[in-house]
Each structure stands twice: as structure tokens, then as C-alpha cells.
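Next up is a structure, given as C-alpha cells.
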Amino acid sequence: MEIRALSVIGAGQMGSGIAQTAAQSGLVVTLYDSHPEAAKRGQALIFENLTRSAAKGRITKEAMDRAFAQIRLITDLEEARDSDMVIEAAPEDKGIKRSIFQELDRICLPSAILATNTSSLSITEIAGATRRPERVIGMHFMNPVPVMPLVEIIRGLATSGEVLNSVQSLAQAMGKTPVEVSDFPGFVSNRILMPMINEAIYAVYEGVASPEAVDQVMKLGMNHPMGPLALADFIGLDTCLAIMETLHEGFGDSKYRPCPLLRQYVRGGWLGRKAGRGFFAYD
Ligand code: CAA
């Protein structure tokens with residue numbers, strides 16, 4: 001099945017990045033957010049990214065204008081009804097995602113594929129909110145979406161082979177490399193990345209080193225492009241905590257216990273870059 005019309009639900013950093021990348025690969029995109037101001041902010045971010053790419057000569061001015069014109073903001077989810085496929089990129093909360101999938105199942109064509117960009121939750125459980133679990137799949141992009149080549153593809157218990165093939169082809173058409181992994185908490189990416197971030201937070205919590213020193217060790221010693229704490233701020237500390245909780249609950253193993261300092265920062269609204277403050281301060 002060829003996918004030409006795509007709806008993206010959620011216009012935060014992931015949703016706007018997915019919408020931009022899809023539009024740049026020629027798809028017609030509708031972008032929805034339950035908060036209209038967030039949709040406007042997502043659109044502005046896309047414009048900024050495309051403008052920077054054009055200024056750096058990575059894309060032509062025409063390609064930039066074409067991609068931007070391919071993205072239409074919608075304020076009513078019902079307008080997603082004619083899409084061949086929907087990618088949901090809402091907050092990492094099972095209840096929110098399941099209710100969006102229930103709505104999408106009612107609104108969308110029976111042939112439509114419903115994908116979730118969840119970074120840790122069970123695809124099978126999200127699919128269970130619909131009457132079409134065979135057409136539900138996980139499509140986990142990395143941040144920043146326009147730059148990172150990986151997409152984890154996760155089949156739920158009932159996902160059909162035809163849907164898997166279509167979504168793998170779509171990822172490739174978007175210039176990404178799809179890697180299929182199984183439906184386990186955190187998949188592969190966050191099963192490995194998040195405990196590393198959590199451990200970096202424990203190192204600060206236990207007074208082993210300052211946030212600056214922890215990040216320097218990992219950047220200069222392990223060649224990571226960003227230190228784990230700068231990366232946590234970039235991902236969002238609320239998302240990091242939600243993923244750790246999914247790992248902790250899903251595996252029932254204390255090695256996944258979220259660091260109390262991470263909880264404290266989230267309680268205080270220090271959510272990282274988007275809040276202007278996390279392990280580091282941002283303007
Ligand atoms: N959107 C689009 N493009 C961006 C961007 C953004 N938000 N941020 C940077 N870029 C582009 C820049 O324009 C630049 O492009 P050119 O080289 O063509 O000029 C390129 O990326 C490099 O950017 P910079 O020179 O500004 O900075 P950098 O070299 O430090 O790279 C980075 C920035 C790509 C973000 C790099 O630091 C990096 O790879 N960091 C790690 C990112 C990572 O680990 N992501 C995964 C997070 S985990 C996740 O997403 C999964 C999850 O579920 C939590």
C-alpha cells in the first residue's frame with residue numbers, strides 16, 4: 001500500500017520533525033495538536049528548520065517552499081479522516097495515546113494505518129484500543145527527526161506483514177533506515193539509552209561529579225556528540241521519567257528505578273530545554 005496522505009498528531013519536537021521530514025519527501029501532511037498554539041509553534045519550528053537548511057545550501061529555496069506548503073495545520077481531528085496513514089506523536093502517556101487511537105479508529109478509513117511514535121509503551125496495548133490492531137504499528141523516530149537516520153519499527157501482536165512492509169517502505173522514502181525490533185518496554189533504543197541517562201543522573205545525585213563533569217567525561221571519553229545530561233534536557237526530563245517508569249514497571253527490576261533527582265526536577269517543572277531549565281540553564 002502506497003502512502004501519500006499522512007496526518008501527524010502532536011506538533012511538539014517529534015511531531016513537527018516527522019511532519020517536516022514527510023513533507024520533504026513529497027507526502028501531503030496534515031498536522032494536528034489539541035492545543036492550537038502548540039500547532040503554530042510546531043509550524044514555526046518547521047519554517048525555522050527549513051530556512052536554516054536552505055541557508056546552508058542543503059535544500060533549494062523551491063524545495064523549502066514546496067515542503068512548507070505541503071503541511072496543513074488542522075484544529076479538528078475529524079480532518080484526518082482521508083489520510084492513508086496517521087502517525088501519533090503525543091506525550092508519552094498510555095491513557096492519552098489509547099484515547100487518541102480510539103478516536104482515530106472511529107474517524108479514519110478502515111484501510112488507514114495507525115502508527116505510534118511511542119518511545120517505550122506497548123504497541124499491542126495501544127492497538128488494543130482500536131478495532132483494527134492488525135493495522136497498528138510502532139514507528140519510533142529519533143530526535144532531531146530531520147537529522148537522525150534511525151526509525152525503530154515495532155509490530156504489535158496482531159500487526160500484519162502488509163502493514164509492516166508499507167511502513168518500512170515509508171521510512172525509507174523519508175530517508176530513514178528502519179530497524180525492526182520486538183514489542184518490549186523501551187524497545188532497543190530506550191532500553192539502552194535511558195538507563196545510561198538515569199545512571200548519569202545518579203552520578204550527580206550521589207555527588208560523584210557535577211553535571212558539567214559527567215557530560216564532559218562522556219563527550220571527551222566516549223565520543224558522544226552530547227553528554228547524557230544535555231541529551232536528557234534535549235529529550236525532556238518528563239519524557240525520560242515516563243520511559244524509566246515504563247521500564248521499571250514492565251520488567252519489575254530495580255535496576256530501572258528512576259533516580260529520585262529526576263523525579264524532583266520533573267516535580268519542580270525543570271523539564272529541560274523546553275522549560276528553560278533542567279540539568280543546565282537555557283535562554
Ligand atoms: N532540527 C533539524 N536539524 C538540526 C537540529 C534540529 N533540531 N539540530 C541540529 N540540526 C542540524 C544542523 O542544522 C546541522 O546540519 P549541517 O551539519 O548540515 O549544518 C547538524 O544537525 C549538526 O548540528 P550542529 O552543528 O548545530 O550541532 P551538532 O553537531 O552538535 O549536532 C545534534 C546536533 C545532531 C543534535 C548532535 O548533537 C547529536 O547527534 N546529538 C545526539 C542526539 C541523539 O542522541 N538523539 C537521540 C535522542 S533519543 C530519542 O530521540 C529517542 C527517544 O525516544 C527519547
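For ligands, and for the atoms within them, numbers begin at 1 and follow the listed sequence.
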Quick one: nearest non-hydrogen protein atom to atom 17 (O) of ligand 1, plus distance? K56 NZ, 4.8 Å

Please check this pair: side chain of D233 against backbone of F280, looking for a donor-acceptor N/O pair closer than 3.5 Å. yes

Atom 45 (N) of ligand 1 protein-contacted, heavy-atom criterion under 4.0 angstrom: yes

Can you figure out which of V147, V145, I197, T21 has its heavy atom closest to atom 21 (O) of ligand 1? V147

Within the protein, is there a heavy atom lying under 4.0 Å from atom 33 (C) of ligand 1? no

Show which atoms of ligand 1 fall inside a sub-4.0 Å distance from at least one heavy-atom site of S119. 53 (O)

Is there a protein heavy atom at a distance of less than 4.0 Å from atom 1 (N) of ligand 1? yes

Co-membership, hydrophobic cluster, residues I100 and M14, 4.5 Å side-chain: no

Protein heavy atoms near atom 6 (C) of ligand 1, is at least one of them under 4.0 angstrom away? yes

Do Y265 and L241 have side chains that approach each other closer than 4.5 Å (heavy atoms only, starting at C-beta)? no

Is a salt bridge present between E125 and R98, judged by a nitrogen-to-oxygen distance below 4.0 Å? no

Where do K97 and A90 come nearest, in terms of heavy atoms and distance? NZ-O, 2.9 Å

Looking at atom 54 (C) of ligand 1, what's its closest protein heavy atom, distance included? I235 CG2, 3.6 Å

I'd like to check which ligand 1 atoms, numbered from 1 as shown, lie under 4.0 Å from a non-hydrogen atom of N143. 42 (C), 43 (C), 45 (N), 46 (C), 47 (C), 49 (C), 50 (O)

So is H140 in contact with ligand 1, going by heavy-atom distances below 4.0 Å? yes

Closest candidate by heavy atom, reference atom 16 (P) of ligand 1, pool R58, Q13, M148, K219: R58

Go through ligand 1 atom by atom and flag the ones less than 4.0 Å from a non-hydrogen atom of L193. 48 (S)

Can you find a protein heavy atom under 4.0 Å from atom 19 (O) of ligand 1? yes

Protein heavy atom under 4.0 Å of atom 13 (O) of ligand 1: yes

Protein contact for atom 26 (O) of ligand 1 (heavy atom, distance under 4.0 Å): no

Charged N-O contact under 4.0 Å between R131 and D105: yes

Is there a continuous path of hydrophobic side-chain contacts, each under 4.5 Å between heavy atoms, that joins L77 to F101? yes

When rounded to the nearest 0.5 Å, the distance separating OG1 of T116 from CD1 of I87 is 10.0 Å

Close-contact set for ligand 1 against M226 heavy atoms, below 4.0 Å: 37 (O), 40 (N), 41 (C)

The one among E152, R52, M142, M14 that brings a heavy atom closest to atom 51 (C) of ligand 1: M142

Indicate whether any N or O donor in one side chain lies under 3.5 Å from an N or O acceptor in the other, for E92 and T118. yes

Any chance you could lay out the side chain to side chain donor-acceptor pair (under 3.5 Å) test for Q20 and Q24, step after step, and finish with the verdict? CA-CA 6 Å; Q20 177 192 328; Q24 284 186 269; 3.0 Å; yes

